[in-house]
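Below: one structure, written as structure tokens.
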Amino acid sequence: MAEPDGTAEGRAAYNTNKADADLEMFAHALAHDLRAPLRAIGGFSELLLETPPGKLEPLAREYLPRIVAATTRMAQLLEDLLELSRVANVPIATQQVELAALAKSVVHAICAQHPERMVDVKIDGDIKVKGDLSLLRTALEQLIGNAWKFTSQVAQAQIRIQCETKGAEVVVSISDNGAGFDMRQSHRLFQPLQRLHRADEFAGSGVGLSIVNRIIDRHGGRVWADSSTAGGATFSFSLPC
């Protein structure tokens, strides 16, 4: 897609074309992701309907959990898409936000939800920014939640959260020693419904990082990531000072 020519009309045309391209890509990805669970629900339901009554119970015990799993996946996908729409349109209520304190609150909530796990979490930096407290909390929930998820198969899981000032920006980085990803695929990370790991490896709808990207973009910042297939990843975002 050509860059805008610098005029107001050029920027408006560029934004419209980009929005149309994003919508087309999003619609295609959504149709693809909904097709699989719908096929599973329809296929297993038809098999049950065609099964003679005397043989129904054993097949029902096998197929019904799969139907429930497919329904749950669709419900989670739609819930995440509604959240993406919400963060894109809700008015921003700006206030002073202490990023380290907010990160600690998010970590405590995640730990309370998963008391069975022992994760070494360290938070450095104590910086305030102007932003929407609720939206920034949602962004941190997604990023820290991802670090928590992708360290679930590591014996000694570690998560580092660092807040620092770099020039005219505040940069927040969330690093972990969990499953990494191929940097050649990094351009897909922040697109809706794009996943770099199989669903049977790590659960997820592929919407979370799109939510983060939308929130940070609305705050005038940017999001990026760094990793390797050997393991470990760092997700960072910047906010204007």
Side-chain angles (χ1 to χ4, degrees), residues 75-76 79-154 156-166 168-179 189-190 192 202-227 232-241:
Q76 184 61 59
E79 189 68 27
D80 290 343
L81 292 174
L82 286 172
E83 178 67 5
L84 178 59
S85 176
R86 184 189 73 83
V87 302
N89 296 289
V90 66
I92 291 181
T94 303
Q95 65 182 90
Q96 287 286 342
V97 179
E98 296 183 5
L99 291 174
L102 184 58
K104 289 177 183 176
S105 174
V106 171
V107 170
H108 289 160
I110 294 176
C111 289
Q113 293 171 0
H114 304 276
E116 76 284 356
R117 287 195 61 193
M118 296 294 294
V119 179
D120 178 16
V121 182
K122 291 186 179 179
I123 302 174
D124 299 319
D126 186 14
I127 297 176
K128 294 182 180 179
V129 296
K130 289 184 178 180
D132 186 289
L133 176 62
S134 176
L135 290 178
L136 291 178
R137 182 181 182 89
T138 296
L140 286 174
E141 286 174 343
Q142 294 289 344
L143 291 173
I144 298 173
N146 269 1
W148 189 275
K149 175 172 64 176
F150 288 110
T151 56
S152 62
Q153 299 176 11
V154 177
Q156 296 180 329
Q158 297 179 344
I159 298 174
R160 300 288 180 269
I161 304 166
Q162 187 172 28
C163 309
E164 56 185 333
T165 301
K166 292 185 177 181
E169 295 180 326
V170 170
V171 176
V172 180
S173 299
I174 296 93
S175 303
D176 65 69
N177 64 338
L189 281 170
F190 302 102
F202 299 98
S205 65
V207 179
L209 290 178
S210 299
I211 291 173
V212 173
N213 189 44
R214 193 66 58 89
I215 291 172
I216 301 305
D217 182 67
R218 294 194 66 196
H219 282 78
R222 55 195 178 91
V223 185
W224 66 97
D226 184 57
S227 182
T234 299
F235 284 82
S236 306
F237 65 85
S238 69
L239 296 169
C241 287

Between the side chain of [X] and the main-chain N/O of [Y], is any donor-acceptor distance below 3.5 Å?
X	Y	answer
Ser152	Trp148	no
Asp132	Ala93	yes
Asn177	Gln156	yes
Ser227	Gly232	yes

Of all the heavy-atom pairs spanning [X] and [Y], show the shortest one and how long it is.
X	Y	result
Leu99	Cys163	CB-SG, 3.9 Å
Gly131	Val97	O-CG2, 3.6 Å
Ala100	Asp126	CB-CA, 4.1 Å
Arg137	Ser105	NH1-OG, 2.8 Å
Ile174	Ala147	CG2-CB, 3.9 Å

Side chain to side chain contact (heavy atoms under 4.5 Å, CB included) between Gln162 and Ser175, intermediate numbers included: CA-CA 8 Å; Gln162 187 172 28; Ser175 303; over 6 Å; no

Quick check for you: to the nearest 0.5 Å, what is the distance between [X] atom [atom1] and [Y] atom [atom2]?
X	Y	atom1	atom2	result
Ile159	Leu143	CD1	CG	11.0 Å
Leu209	Phe235	CG	CZ	5.0 Å
Ser173	Glu164	OG	CD	6.0 Å
Arg117	Ile110	CZ	CD1	10.0 Å
Glu83	Gln142	CD	CD	7.0 Å
Asp217	Ser210	CG	OG	12.0 Å

Heavy atoms, side chains only, cut-off 4.5 Å: are [X] and [Y] in contact?
X	Y	result
Leu136	Val129	yes
Lys166	Ser238	no
Gln95	Lys130	no

NZ/NE/NH1/NH2 to OD/OE distance under 4.0 Å, Arg160 and Asp120: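 A salt bridge links Arg160 with Asp120.
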
Passing candidate, side chain to side chain contact (heavy atoms under 4.5 Å, CB included) with Ile216, options Leu135, Ile211, Val223: Val223

